[in-house]
*Asks:* 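Supplied in structure tokens, the structure appears directly below.
Since the structure is predicted, the reported quantities are computational estimates derived from the model, not experimental observations. All heavy atoms count here, side chains included; hydrogens, waters and symmetry mates do not.
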Number of protein chains: 4
Amino acid sequence: MGVATPAQLVNQYGQKMGRKGQLTRQRIMSIALKMLGNSSYKDLTVSDLAAKAKVSNATFYVYFKDIEDVLFACVEAASLDMNAMFDILNETWTSENLKSQLEKFVDSFNTLWEKHRVELRIRNIEADQGNARFLNFRQLSTIELLNRFGEKLAELNPRLENPEYISMVIYTAMERLAALNQMGILGSNSISRRGLDDAIVELLYMALKK
Amino acid sequence: MGVATPAQLVNQYGQKMGRKGQLTRQRIMSIALKMLGNSSYKDLTVSDLAAKAKVSNATFYVYFKDIEDVLFACVEAASLDMNAMFDILNETWTSENLKSQLEKFVDSFNTLWEKHRVELRIRNIEADQGNARFLNFRQLSTIELLNRFGEKLAELNPRLENPEYISMVIYTAMERLAALNQMGILGSNSISRRGLDDAIVELLYMALKK
Amino acid sequence: MGVATPAQLVNQYGQKMGRKGQLTRQRIMSIALKMLGNSSYKDLTVSDLAAKAKVSNATFYVYFKDIEDVLFACVEAASLDMNAMFDILNETWTSENLKSQLEKFVDSFNTLWEKHRVELRIRNIEADQGNARFLNFRQLSTIELLNRFGEKLAELNPRLENPEYISMVIYTAMERLAALNQMGILGSNSISRRGLDDAIVELLYMALKK
Amino acid sequence: MGVATPAQLVNQYGQKMGRKGQLTRQRIMSIALKMLGNSSYKDLTVSDLAAKAKVSNATFYVYFKDIEDVLFACVEAASLDMNAMFDILNETWTSENLKSQLEKFVDSFNTLWEKHRVELRIRNIEADQGNARFLNFRQLSTIELLNRFGEKLAELNPRLENPEYISMVIYTAMERLAALNQMGILGSNSISRRGLDDAIVELLYMALKK
DNA sequence: GATGAATGAGAATTCATTCAT
DNA sequence: TATGAATGAATTCTCATTCAT
């Protein structure tokens, strides 16, 4: 379920990594995320990152092949967390708690996106630009959840004609709105996040209620 | 209505452009689009573009300030076409033709995106990364259409609680799916474009029917 | 006859080279040769060469792909001169002037090697290490002369059993001794250049005289 | 006679080497030779060699000062074998067995070169580029053999005017042809190794026969 | 209107080498 | 005996950009 982060045991030169090495690798990753939180993605250079992580350029290359490599490692790590969404879908949904479960689903999704906004933005930008590694990874990390979501819709309203497509449309909207939200775009014109979430819940509710 | 492309009459040196100059400028723009169709966005450099457009680097700077400048010019030009969406919203929608109008709306949107896939992808990537010029331009080119769409929904079902939010959710899904579609992502796992469009129409139909 | 240097008309970016550009290219080449005259081959770096030629690193890359590229250009240019050897072979050799013609042949060869010692050393080092471009070029520039030399031997002594092999053995010795001579190796132990040349002439004379 | 390889008993830190240490040192040397057999000489780096020899970079420095140091060790080891040439010269050469002895001499030389092609190529490349250590070593390992060969020629044909020069010319050709042969250069244009060896024997025979 | 020529600046990348363990 | 970890110091290479013609 979801995609696991492989334990990284050797560095770029094939050496086994000890405790110290793993810490350094980790430090580089978190500094990278911090840097991407502020400035644009294009500005992230190896020199800059290495400097901010207090290691030499050469050390960077001990642990990563290039900038993309760090980013992918971050994205991989973040993806683990997304598995929490499955738990909600596996709970019991009844016509009584339908609305609140839908709200919970939407809220949890938003929360997770907020937590990993940087990684998920990177993942999408790269995948959208055709980067195969990220594209493939996104595919893998999304498809299971999407399937499970579609099943849930079918189960809740058996008369729904094409639940798997409805699930994808809604999921797409949720993700895109989460992404836009982070960029401070939504807040601009009197559009509230709350209202959008309600609209999603509403659309689903209309589709599922009997 | 929409955003107009200002007729570019002077080059970077403030000189009035004659026929030949405008052709050169135009050629650079179309080569840029062609190049972006294939490879990733990051690979587009001034030197590369100039070479492919068969002009010297120096000539590039006669017509554009930098790469972003060409891209923006392309995006601006593409945006004019999107105005066609208004025409459909301005037609008369009745309960009789509701479904077919919805289908028409979704189809037209997809067609326009297909036509300007490169420009719109660029616009979104840049805006998503926080580029103010593109962000602002996207805002401007989207908001009017979004408002008009929201009004239409309110008009069709006056009991709809938050039509402007519904319109945004649906619009967001439409756009994102159009973008993903271009990347050949959707076709992969037995998910058909047709099915997604139907799902969008279905969601709207459920929300609007009395 | 021999291998011609193609007139280099465009730079690495495909631009036509004007007078000034060609001079710059030429300057880089001659500085490279000067530098190789002194220090070892491995020490020649782009930065170093560019600095000594009073151009920026970037300018180097306008005219050459890399260090090997300059070297090859130098080798190509030098090779033209070697064609003078043909003239001597095309003269009339008789039993009367045989010895003096042999001496002239050997002397001329040495003189040309002395003149282009740097380029020819580079050519051989690269070819010997398996560099295809130089290997191929050496093949091309040697084979014709070798053939002509073999013919001459056959013509002078028709009873000679394998003139083409004799010519190659002698040519090989001549070249190698020329190369060693430049390195100041021969002079060391009471071995004189003169003596070696005489020995070559002597060997040929013994093989050719009736 | 020849140059002996000093038994290397201590490592770079002056510590006496035990069995395990000697094996490691040996392994690094043989991997180095293997690597040089394939790719070009310039590509051999400490990191690469250490990785391929399955030791850490640091371990490399336990046994060698730098890459040149390994190479020299290899060259030294190979050189011992070359002493076999003396044995042939010390046999009795008569006018009856002259031709077959000459053939044996040439053949043995080729065989030895083939066996140590990598080391001898390295030795010559380094020496040719002016590396004093290798230059000096080559001088030492060659001069004795060269002298002995010259004496033999003088002994066989006392009227030969400059036997020591003839010996050097022939030796030079032999070595160079052996080197070229290894590079697969000779085989290319219908030139057979056999023919060249015959030519060398022939030249010597013509010079020695009464 | 167009372009040869040149370059400053900086980013990526690689290597040999050291040292504490 | 062996090696994780780290790095200083080059070096290559590329790009946007300018300017005189």
*Asks:* What is the distance from atom CG of A/Asn124 to atom CD of A/Glu119, rounded to the nearest 0.5 Å?
*Replies:* 12.0 Å

*Asks:* Return the CG to CD1 distance between B/Leu23 and B/Ile28, rounded to the nearest 0.5 Å.
*Replies:* 11.5 Å

*Asks:* What integer distance in Å separates D/Asp66:CG from E/dA16:C1'?
*Replies:*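 Rounded to whole Å, this separation is 9 Å.
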
*Asks:* Could you check whether D/Asp128 pairs with D/Arg121 (Lys NZ or Arg NE/NH1/NH2 to Asp/Glu carboxylate O, under 4.0 Å)?
*Replies:*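 Between D/Arg121 and D/Asp128 there is no salt bridge, as every charged N stays at least 4.0 Å from the carboxylate O atoms.
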
*Asks:* Would you say the side-chain atoms of C/Arg123 pair up with the backbone N or O of C/Phe134, donor to acceptor, closer than 3.5 Å?
*Replies:*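 Such a contact is absent between C/Arg123 side chain and C/Phe134 backbone.
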
*Asks:* Between C/Lys16 and A/Val46, which is nearer to the 5' end of DNA chain E once each is assigned its nearest nucleotide?
*Replies:*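 Nearest-nucleotide comparison on DNA chain E picks C/Lys16.
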
*Asks:* Return the value, rounded to whole Å, for the distance between atom CD of B/Gln12 and atom P of F/dC19.
*Replies:*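 Between P of F/dC19 and CD of B/Gln12: 15 Å.
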
*Asks:* Quickly work out the A/Leu44 CG to E/dG10 C1' distance and round it to whole Å.
*Replies:*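 The distance from CG of A/Leu44 to C1' of E/dG10 comes to 15 Å, rounded to the nearest Å.
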
*Asks:* Between A/Thr45 and D/Lys65, just flag the one whose closest nucleotide in DNA chain E comes earlier from the 5' side.
*Replies:*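 Going by which nucleotide is closer to the 5' end, it is A/Thr45.
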
*Asks:* Rounded to the nearest 0.5 Å, how far apart are CD of B/Gln12 and CE of B/Met17?
*Replies:* 9.0 Å

*Asks:* Whole angstrom is fine here: how far is it from CG in A/Leu9 over to P in F/dG4?
*Replies:*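 A/Leu9 atom CG is separated from F/dG4 atom P by 13 Å.
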
*Asks:* F/dT21 P sits how many Å from B/Tyr61 OH, rounded?
*Replies:*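 These atoms are roughly 22 Å apart.
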
*Asks:* Report all interatomic pairs (protein N or O, nucleotide N or O of nucleotides 6-9 of chain F) with separations under 3.5 Å.
*Replies:*
residue, atom, partner, partner atom, Å
F/dA6, OP1, A/Thr24, OG1, 2.9
F/dA6, OP2, A/Thr24, OG1, 3.4
F/dA6, OP2, A/Tyr63, OH, 2.6
F/dT7, OP2, A/Ser56, N, 3.4
F/dT7, OP2, A/Thr59, OG1, 2.8

*Asks:* In sequence, state the C-alpha distance, the side-chain angles, and the governing distance for B/Arg25 and B/Asn11, and then conclude on side chain to side chain donor-acceptor pair (under 3.5 Å).
*Replies:* CA-CA 9 Å; B/Arg25 185 171 185 277; B/Asn11 66 25; over 6 Å; no

*Asks:* Grab the CD-C1' distance between C/Glu68 and F/dT12 for me, whole Å please.
*Replies:* 15 Å

*Asks:* Does a salt bridge link C/Arg133 with C/Glu126, judged by any charged N lying under 4.0 Å from a carboxylate O?
*Replies:*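 No, this pair does not count.
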
*Asks:* To the nearest 0.5 angstrom, please state how far the CG atom of D/Leu36 sits from the CG atom of D/Leu49.
*Replies:*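 The CG atom of D/Leu36 sits 8.5 Å away from the CG atom of D/Leu49.
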
*Asks:* Below 4.0 angstrom from OP1 or OP2 of E/dA16, is there any side-chain N or O of D/Ser47?
*Replies:* yes

*Asks:* Kindly express the pairing pattern of DNA chain E in dot-bracket notation, using | wherever a base pairs with another strand and counting only Watson-Crick or G-U pairs under 3.5 Å.
*Replies:* .||||||||||||||||||||

*Asks:* Without decimals, in angstroms, what is the distance between C/Phe64 CZ and F/dC13 C1'?
*Replies:*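 Value for this atom pair: 16 Å.
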
*Asks:* I want to confirm an ordering. Mapping D/Arg19 and B/Ile67 to their closest nucleotides on DNA chain F, which one lands closer to the 5' end?
*Replies:* D/Arg19

*Asks:* Rounded to the nearest Å, what distance is computed from the CZ atom of residue A/Arg25 to the P atom of nucleotide F/dG4?
*Replies:*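 In whole Å, F/dG4 P lies 17 Å from A/Arg25 CZ.
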
*Asks:* Can the ring centroids of C/Tyr13 and C/Tyr61 be said to lie less than 6.0 angstrom from one another?
*Replies:* no

